[in-house]
Amino acid sequence: MAVKINPNRAAIAVGDALIVVDVQNDFLPGGALAVPAGDDVIEPLNRAIEAFERARLPVYYSRDWHPPNHCSFKAQGGPWPPHCIAKSDGAAFASKLRLLEDAAVISKATTAEVDAYSAFQGTTLAAQLTAGRVRRVFVGGLATDYCVRATVLDARKHGFEVELLGDAVRAVEVEAGDGRRALEEMLQQGAHLIASPTVTG
Ligand code: VGL
Ligand code: ZN
């Protein structure tokens with residue numbers, strides 16, 4: 001894969017926002033739906049969060065926030081073990097993740113009938129970004145091949161520029177290569193990569 005990294009794009013300014021995707025206990029090692037090395041995203045994300053904090057630019061934290069009978073769970077015929085049940089410890093943000101007090105939290109897939117990988121799906125994220133005159137989003141978190149992928153592709157569909165924090169994403173890899181394929185798809189759709197990607201499969 002020919003990957004172009006342009007570190008100059010990492011300079012942040014008014015019009016930029018950071019989206020931290022699903023850095024929740026259930027997606028970390030030991031969690032109900034653990035992403036391999038999922039906790040590796042925390043350090044680079046904390047650095048990005050601090051940079052946005054210093055620049056007084058907005059940070060959005062998305063979270064998977066399912067009811068106990070969610071359609072994506074195996075008992076309901078879905079592909080996943082129960083995970084990120086609203087208000088459970090597993091759904092809480094990782095304790096080491098830097099949480100800004102005035103940051104917006106975007107809960108998704110909150111009803112039993114609908115799953116949503118994208119932080120834009122069924123939420124007010126696009127409206128909030130537009131209201132804040134955001135034109136470009138920086139994205140990192142979990143998992144590369146599911147919620148990061150869907151969020152980045154939706155951000156592009158909504159017309160936002162996207163900078164993917166390549167060192168701050170990790171993949172589930174249900175099939176080996178899923179992370180790499182997701183990365184290629186995001187770049188194909190116009191996302192830029194501003195740090196070396198970590199792909200496992
Ligand atoms: C996710 C699988 C199921 C994710 C959420 O956050 O990437 N993956 N639910
Ligand atoms: Zn989920």
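All ligand and atom numbering here is 1-based and tracks the order in the structure.
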Can you tell me how far the [atom1] atom of [X] sits from the [atom2] atom of [Y], to the nearest 0.5 Å?
{"X": "T144", "Y": "R180", "atom1": "OG1", "atom2": "CZ", "answer": "11.5 Å"}
{"X": "T151", "Y": "Y60", "atom1": "OG1", "atom2": "OH", "answer": "14.0 Å"}
{"X": "L28", "Y": "I42", "atom1": "CG", "atom2": "CD1", "answer": "5.0 Å"}

[X], any N or O under 3.5 Å of ligand 1 N or O:
{"X": "C147", "answer": "yes"}
{"X": "A143", "answer": "yes"}
{"X": "H66", "answer": "no"}
{"X": "H83", "answer": "yes"}

(message) To check your reading of the model: name the closest protein heavy atom to atom 8 (N) of ligand 1, its residue, and the distance in Å.
(response)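 Scanning the protein heavy atoms, the shortest distance from atom 8 (N) of ligand 1 goes to Y146 CB, 3.7 Å.
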
(message) the Zn ion (ligand 2) and H66: any N/O/S contact shorter than 2.8 Å?
(response) yes

(request) For the atoms NE2 of H83 and OD2 of D64, give the angle they form at the Zn ion (ligand 2), rounded to 10 degrees. (result)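 Nearest ten degrees: 100°.
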
(message) Looking at E53 and R98, is there a salt bridge between them, counting it only when a charged N and a carboxylate O are closer than 4.0 Å?
(response) yes

(message) Taking R63 first and then D22, would you say they form a salt bridge - that is, a charged N and a carboxylate O separated by under 4.0 Å?
(response)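 No, this pair does not count.
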
(request) Identify which of D22, V35, V23, D64 has a heavy atom lying nearest to atom 9 (N) of ligand 1. (result)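 It is D64 whose heavy atom sits nearest to atom 9 (N) of ligand 1.
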
(request) Describe, in one word, how the ring planes of H83 and H66 are oriented to each other, choosing from parallel (under 30°), tilted (30 to 60°) and perpendicular (over 60°). (result) perpendicular

